[in-house]
Amino acid sequence: MSTSFEVWIAAALTLMVFSFLWRDNPFYKFAEHLFVGVSAGYWMVLGFWSTLWPNAVVKLVPEAARVTEPAAALPDRDPLVIIPLALGLLMLLRLWPRAAWLARWPTAFAVGTTLGYNLVRTVRSDFLAQIHATVAPGLVIRTPAGAIDWIATGNQGVIVAGTACCLAYFTYTRTARRARGGVARAGLLLLMVAFGASFAYAVMSRVSLLISRLQFLLGDWLGLA
Amino acid sequence: MSDPSRTGLAERLGRLDRRWLYLVLLVAVGVSVVLRPLFPDQPSVFVRPVFERIERLEPGQSVLVSLDYSPVSAPEIEPMAFAITRHVLLRGAHPVFVTLFPEGPAMYERLRVEVLERDFPELVAGRDWTMLGYKAGGRMVINAMRQEMAAMFAGDAEGRRLGDLPGLRGYRRLGDFPLVVSLSSGTPGLKEWILYGGDPSGVPVVGGCTGIGTPEYLAYFPSQLQGILGGLKGASEYEAALADRHPGAGFPRRAGRVMGPQTVAHVVILLFLVLGNVAYLRRPGRRQPEERP
C-alpha cells in the first residue's frame with residue numbers, strides 16, 4: 001500500500017467520484033465542487049502564464065522573458081501587440097453596461113477573421129477533397145505491378161455505393177418509394193452500422209478511463225497490480 | 001401461453017438494479033487489472049502506415065510530433081506518444097515536439113521523464129530531441145509554421161535559439177519535415193494539422209486519437225491522413241509492431257497490458273446487452289409485430 005500522502009488524496013477523491021454510481025451523496029458533491037474550483041483556478045493561472053505573459057507582456061517588455069526562464073534569449077520588442085491587447089481589453093467592457101457595446105468590435109473582428117480564414121480551407125479539405133477521395137479511385141491499380149487490385153476496387157465500390165445510399169436517405173423532396181425507398185433503407189442500415197461502430201469506439205474510450213483509474217487504485221494505491 | 005418461469009426471469013432481468021451491472025463490471029475489470037493478461041496483437045490497415053512511415057525515417061531526419069492532449073485523455077494517448085517517440089529515437093531520427101494544448105507541456109514532462117531520460121539516457125535535450133513548447137492560437141500557429149517556423153518560435157522551451165538547435169537545421173517551415181505526427185484528443189489537434197498543415201503544404205500527416213474521436217478522423221484516411229492509431233487498440237497494435245520489428249529493444253507494452261482488461265470489459269458489456277435484449281423480447285405485455293396476411 002502506498003505511503004504517499006498525494007496518492008491517498010487522489011485515491012480518496014477517485015472513490016468519492018465513483019460513489020455516484022451508488023447514488024448522489026455529499027462525498028461526490030464535495031469532489032465535484034473541488035474539481036470545478038481547482039480546474040477554474042488552474043486554467044486561469046495557466047492561461048495567464050502560457051498565453052498572456054509570453055504573447056503580450058514579453059513582446060512589449062522582452063526582459064520579462066527572464067521571469068519564467070532566467071537563461072532565455074531575449075526576443076525582439078513587438079509594439080504591434082498593443083492592437084490585439086486593446087481588442088482583448090475591449091472584450092472585458094462587456095462587464096460594464098454603459099460601454100458594453102464596445103465589446104462588439106473585437107467579437108466582430110474575431111468572427112470575421114475566423115470565418116474568412118476557415119471558409120477556403122474547409123471547402124477544400126472537408127468538402128472537395130472528401131468528394132475526390134470518395135469517387136476518384138474507381139479502379140485501384142496495384143503498383144508497381146500495374147495490375148488491378150480487385151479487393152481494393154471492390155472496397156471503393158462499396159464506399160461509393162454506401163455514400164449514395166446514405167445521401168438518398170436524407171433526400172426529403174419526394175416520398176421514397178419502390179427502388180428509391182430500398183436505396184434509402186440501405187442507407188439507413190449503413191448509418192446504423194456506422195453509428196454502432198462510433199458507439200463501440202466511445203465505449204472503448206470510457207472503459208480505458210475506467211481501467212486507468214482501477215490501475216491507479218489497485219496498483220499505485222493498494223500495490224496489488 | 002407463455003412459460004411463467006421464463007416470463008418471471010425476464011421480468012426480474014428487466015427490473016435488475018443497474019448497480020449490480022456496475023459491480024460485476026468493476027469486479028471483472030479489477031481482477032483482470034491485477035492479473036494483467038497480455039494478448040497477441042498485430043497492426044491494422046490504419047496503424048501499419050504510421051509504423052512503416054516512421055520505420056522508413058533516415059537517421060538524423062527530424063519529425064514534428066504534436067502533443068495535443070491533456071491528462072483527461074492521457075490513458076489513451078500517452079501510450080501512443082511513448083511508443084512513437086521510442087520508435088523515432090530507435091531509428092536515429094530527431095523528434096521535434098510542439099503542443100497546441102495548454103496542458104501539453106505537462107504531458108511532455110511525463111514523456112521526458114518516463115521515455116526520453118529513462119530509456120535513452122545517452123541522449124541530450126536540444127541535441128537529440130527538441131521541445132518547442134506550447135503556443136496558443138491553434139490553427140493560426142500551424143498556418144504560421146507552414147510559412148516560417150521562426151515566426152512562431154524564437155527558440156525551444158528551454159530558451160535555446162532556433163538557429164542553435166541541430167534538429168531544426170534545414171527545417172525552416174512545416175513543409176520541410178518528412179512527417180508530422182499529431183497525437184490529439186480534440187481541438188486544436190489532428191483535424192487542424194490535416195486541414196491547415198498537411199493539405200496545403202503536402203507534408204504527410206499521421207496521428208493518434210481517442211477512441212471517441214476515431215470515426216471522425218477515419219474520413220480523412222488514407223488520402224489526407226496517411227495513418228491513424230485509434231484509441232487504446234491502435235496504441236496496442238503499434239506497440240506490438242514495435243516489439244515484433246525491434247525485439248531487442250524490450251520496451252514495456254503499456255497499452256497491450258490494458259487491452260486485457262479492455263477485452264474482459266467488452267465481453268461483460270456484450271453479455272449485458274444480450275441479457276437486456278432477452279429480457280426486453282420476453283417481457284410480458286410487449287406488443288407483438290402484426291403478422292402479414
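Naming: A, B, ... by sequence-line order, numbering from 1 per chain.
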Trainee: Find the distance between CZ (R206(A)) and OG1 (T210(B)) and round it off to the nearest 0.5 Å.
Mentor: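 These two atoms lie 8.0 Å from each other.
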Trainee: Return yes when atom CG of D76(A) has more than 12 non-hydrogen atoms of other residues, nucleotides or ligands closer than 6.0 Å, and no otherwise.
Mentor: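 It does not: D76(A) CG has 12 such atoms or fewer within range.
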Trainee: Quick one: pull up CZ in F18(A) and OH in Y22(B) and give me the separation to the nearest 0.5 Å.
Mentor: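 F18(A) atom CZ to Y22(B) atom OH measures 12.0 Å (nearest 0.5 Å).
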Trainee: I'd like to know if the side chain of Q224(B) reaches the main chain of S125(A), judged simply by a donor and an acceptor atom lying under 3.5 Å from each other, with no hydrogens or angles considered.
Mentor: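 Such a contact is found between Q224(B) side chain and S125(A) backbone.
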Trainee: At what distance, to the nearest 0.5 angstrom, does CG of L209(A) lie from OG of S73(B)?
Mentor: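 Going from the CG atom of L209(A) to the OG atom of S73(B) covers 8.5 Å.
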Trainee: So does R124(A) have more than 12 non-hydrogen atoms from other groups sitting under 6.0 Å from CZ?
Mentor: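 Count not over threshold, so no.
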Trainee: If you count the non-hydrogen atoms of other residues, nucleotides and ligands that lie under 6.0 Å from CZ in R36(B), is the total more than 12?
Mentor: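 For R36(B), atom CZ is not crowded (no more than 12 foreign heavy atoms under 6.0 Å).
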Trainee: Measure P200(B) against the heavy atoms of chain A and call it side chain, backbone, both or neither at under 4.5 Å.
Mentor: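 Its backbone and side chain both get close to chain A.
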Trainee: Between Q215(A) and V258(B), is any pair of side-chain heavy atoms under 4.5 Å apart?
Mentor: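 A side-chain contact exists here, since the closest heavy-atom pair is under 4.5 Å.
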Trainee: Examine whether an atom of E216(B) lies under 4.5 Å from a heavy atom of chain A, and if so say whether it belongs to the side chain, the backbone or both; otherwise answer neither.
Mentor: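 For E216(B), neither part sits under 4.5 Å from chain A.
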Trainee: For atom CZ of F199(A), decide whether the heavy atoms of other residues, nucleotides or ligands shown that lie under 6.0 angstrom number more than 12.
Mentor: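 Incorrect, the count does not exceed 12.
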Trainee: Please determine, among K135(B), R160(B), M140(B), the option with the most heavy-atom pairs under 4.5 Å with chain A.
Mentor: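 Counting heavy-atom pairs under 4.5 Å, the top option is M140(B).
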Trainee: Do N118(A) and L195(B) come close enough that some side-chain heavy atom pair is under 4.5 Å?
Mentor: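 Result no, sub-4.5 Å side-chain heavy-atom pair not found.
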Trainee: Which atoms of N143(B) come close to chain A, meaning under 4.5 Å heavy atom to heavy atom: side chain ones, backbone ones, both, or neither?
Mentor: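 Both backbone and side chain of N143(B) come within 4.5 Å of chain A.
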Trainee: Please name the pair of heavy atoms, one in I212(B) and one in S205(A), separated by the smallest distance, quoted to 0.1 Å.
Mentor: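 So the minimum-distance heavy-atom pair works out to N-OG, 3.0 Å.
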Trainee: Could you check whether any side-chain heavy atom of P102(B) comes within less than 4.5 Å of a side-chain heavy atom of W43(A), counting everything from C-beta outward?
Mentor: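 Yes, their side chains come closer than 4.5 Å.
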Trainee: Hey, is CZ on F27(A) packed in by over 12 heavy atoms from elsewhere, all under 6.0 Å?
Mentor: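 Check fails, neighbour count at 12 or below.
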Trainee: For L210(A), which atoms come within 4.5 Å of any heavy atom of chain B: side chain, backbone, both, or neither?
Mentor: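 For L210(A), side-chain heavy atoms alone lie under 4.5 Å from chain B.
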Trainee: Less than 4.5 Å to any heavy atom of chain A: does that hold for the side chain of E76(B), its backbone, both, or neither?
Mentor: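 Only the side chain of E76(B) comes within 4.5 Å of chain A.
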Trainee: Any donor-acceptor pair under 3.5 Å linking the side chain of R121(A) with the backbone of Y196(B)?
Mentor: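 Judged by distance alone, no pair lies under 3.5 Å.
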Trainee: Does atom OH of Y169(A) have more than 12 heavy-atom neighbours, drawn from other residues, nucleotides or ligands, at distances under 6.0 Å?
Mentor: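 Counting other residues, nucleotides and ligands, OH of Y169(A) stays at 12 neighbours or fewer.
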Trainee: Taking the side chain as every heavy atom from C-beta outward, state whether L214(A) and L26(B) have any atom pair closer than 4.5 Å.
Mentor: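 SC-SC contact between L214(A) and L26(B) confirmed.
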Trainee: Less than 4.5 Å to any heavy atom of chain A: does that hold for the side chain of R18(B), its backbone, both, or neither?
Mentor: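 Neither part; nothing is under 4.5 Å.
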Trainee: Rounded to the nearest 0.5 Å, what separates atom CG in L21(A) from atom CZ in R19(B)?
Mentor: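 The distance works out to 10.0 Å.
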Trainee: Tell me if the CZ atom of F39(B) is crowded by more than 12 foreign heavy atoms within 6.0 Å.
Mentor: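 Yes, enclosed.
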Trainee: Can you tell me which of T214(B), I269(B), L218(B) forms the most heavy-atom pairs within a distance under 4.5 Å of chain A?
Mentor: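 The candidate making the most pairs under 4.5 Å is T214(B).
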Trainee: Please state whether the side chain, the backbone, both or neither of A74(B) comes within less than 4.5 Å of a heavy atom of chain A.
Mentor: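 No part of A74(B) comes within 4.5 Å of chain A.
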Trainee: Please rank M259(B), R139(B), E158(B) by heavy-atom pairs under 4.5 Å with chain A and give me the top one.
Mentor: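 Of M259(B), R139(B), E158(B), R139(B) has the most heavy-atom pairs under 4.5 Å with chain A.
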Trainee: Based on non-hydrogen pairs under 4.5 Å, which of S208(A), S212(A), G219(A) is most in contact with chain B?
Mentor: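 Going by pairs under 4.5 Å, I would pick S208(A).
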Trainee: So, Q130(A) side chain and A219(B) main chain: donor-acceptor pair closer than 3.5 Å or not?
Mentor: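 Checking the backbone N and O of A219(B) against the side chain of Q130(A), a donor-acceptor pair under 3.5 Å is found.
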Trainee: Among P70(A), A129(A), P54(A), which residue forms the greatest number of heavy-atom pairs with chain B at distances under 4.5 Å?
Mentor: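 Maximum pair count with chain B is reached by A129(A).
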Trainee: Under a 4.5 Å heavy-atom cut-off, does chain B meet the side chain of L74(A), its backbone, both or neither?
Mentor: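 For L74(A), backbone heavy atoms alone lie under 4.5 Å from chain B.
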Trainee: For L270(B), does the CG atom sit with more than 12 other heavy atoms under 6.0 Å from it, leaving out its own atoms?
Mentor: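 It does: L270(B) CG has more than 12 such atoms within range.
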Trainee: Working to the nearest 0.5 Å, report the span between NZ of K191(B) and CG of D126(A).
Mentor: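 Separation between the atoms: 4.0 Å.
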Trainee: So how far is it from L232(B) CG to Y201(A) OH, rounded to the nearest 0.5 Å?
Mentor: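 Rounded to the nearest 0.5 Å, the CG-OH separation comes out at 12.0 Å.
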